[in-house]
Amino acid sequence: MTLDTLPSPAPSAPVFPPGFLWGTATAAYQIEGAAAEGGRTPSIWDTFSRTPGKVRNGDTGDIAADHYHRFRDDVALMADLGLSAYRFSLAWPRVVPGGSGPVNPEGLAFYDRLVDALLEKDITPVATLYHWDLPQELEDAGGWTERATAERFAEYAAAAARRLGDRVGMWTTLNEPWCSAFLGYGNGVHAPGRTDHGDALRAHHHLMLAHGLGTAALRAELPAAAQVSLVLNLAAVRAAGTTPADLDAARRIDGLANRIFLDPVFHGRYPEDVLADTAHLLDWDALVRDGDLAEISRPLDALGINYYTPTLVAAAEDGDAVRRTGPRGDNHAGELTPWPASEGVRFLPAPGTRTAMDWPVDADGLYEILTRLRDELPGTPLVVTENGAAYDDYTDPSGEVHDPERVAYLHAHLAAVARAAADGADVRGYFLWSLLDNFEWAYGYGKRFGIVHVDFASQRRTPKDSARWYAEVIRSGVLPED
Ligand code: GCO
């Protein structure tokens, strides 16, 4: 299939390859609820959200969007939108309560029902194994700073594949290991809330190892045609200035956001500059054992990219009470940064309008990442596995939600995807974040990313204008004029 076999649309209308996957993405802890039902045991997010001050308003995922009970209605919503795929995550503590030992048949049965409901509607299920809800017992035993957690993950992956592998053909091991490691163990704004940059890097390596061992476990259980991938929130890092110090700040953050993942997974090595930058924080030689990088660099069938906003950096100026992190770090001047060894870096607010997360809107960053991967990873299919925006949606008296800003955001970013595809990036699909308003981690329910509004008191679902807009793009296969 090549782009020149596409129908001849209006010259200005961006187009997408035939067979392009049109989906939405969600995650177990953010939408399922039923936190203590069906044999599920607590995850680090159950613990973290119950810790005073960690999540706004003291919100938890106990009920969330009640997807555990309402999944059939939600699948019907997806079918109404014309989705061809749905990216969801399995809750590890539902499938393997306590994180190790016997599999929970009732937990797997929920995913059986969900997958069968999707297939009945001709919606391709895309399963993520780890979207941050580590079973608490494994954190009590050291969590991702312990190597054994990677081994438990591989056992969980095998159990899930044994049960669902006959119907689920697209799997992702981890979602955004950068967040798990650096927000979870670096500056603690995510569960488990630990704040040690050496631990964050140890967690990083064990997450990478979990990805490799998990990939092997999936391959051992799945049919040969099954696809295994990893999802990364790669950053479009830009230097705000041209001094050597500004350019080095961009190099440093590009290393910690991008190359510390891409190099081990696709090249079987850690980037030398990152090892040098962080050598004072941990003993890499003690951490990385013989054979680890061979495990981590097992071949993949695709790479998932989550993109929201660019990252603008410059050299820190002495005495600056500077914004100590990028927009995804969710913290501000003077607070602890998630970025190890970033003392010399200042994060700047990139230009552009802002979403409700205070994230600058700049779709060129997505184009930059897709075309960078086109050049650096030729032959690796790419999937935009998350893209979307939170806005302070208003439900009008007639119960409708008009969200023109979100439509504009989606239009700009889908145009960037089409442009990258037209320029040779092998983009196979787009998963909009998110189907439903949901639990936005440390922000609780205060940030609405859904194209379907959720009234959390009544659990009523209301498709927003952006849902109808997205459905029309899927139906026609082209982007309407601006
Ligand atoms: C992420 C996670 C999602 C978030 C979404 C908005 O990318 O951080 O995968 O769970 O909710 O990205 O922040």
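Only heavy atoms go into these numbers, but all of them, side chains included; no hydrogens, no water, no symmetry mates. For the single chain, residues carry numbers from 1 onward in sequence order. Numbering of ligands and ligand atoms starts at 1, following listing order.
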Please work out which of the three classes, parallel, tilted or perpendicular, describes the rings of [Y] and [X], given edges at 30° and 60°.
X: His190; Y: Trp441; value: tilted
X: His413; Y: Tyr307; value: tilted
X: Tyr29; Y: Trp45; value: tilted

Could you tell me if the ring centre of Phe431 sits under 6.0 Å from that of Trp433?
no

Please confirm whether Asn233 comes under 4.0 Å of ligand 1, counting heavy atoms of the residue only.
no

His131 near ligand 1 by a heavy-atom separation under 4.0 Å:
yes

Honestly, for Glu440 the part within reach of ligand 1 (heavy atoms, under 4.0 Å) is side chain

Is it the side chain (CB and beyond), the backbone, both or neither of Trp359 that lies under 4.0 Å from ligand 1, heavy atoms counted?
side chain

Any nitrogen or oxygen of Trp441, main chain or side chain, under 3.5 Å from a nitrogen or oxygen of ligand 1?
yes

For ligand 1 and Asn438, I'd like to know whether there is a polar contact (N/O to N/O, distance under 3.5 Å).
no

Any luck finding a side-chain donor-acceptor pair between Ser466 and Asp403 under 3.5 Å?
yes

Select the closest option to atom 1 (C) of ligand 1 among Lys447, Gln30, Glu176, judged by heavy-atom distance.
Glu176

Nearest heavy atom to atom 12 (O) of ligand 1: which of Trp433, Tyr308, Tyr443, Phe449 does it belong to?
Tyr308

Numbered atoms and elements of ligand 1 in range of Trp132, under 4.0 angstrom, heavy atoms:
1 (C), 2 (C), 8 (O)

Given Arg87 and Glu386, is the salt bridge (Lys or Arg N to Asp or Glu O under 4.0 Å) satisfied, shown in steps?
CA-CA 9 Å; Arg87 177 178 174 242; Glu386 283 182 31; 3.1 Å; yes

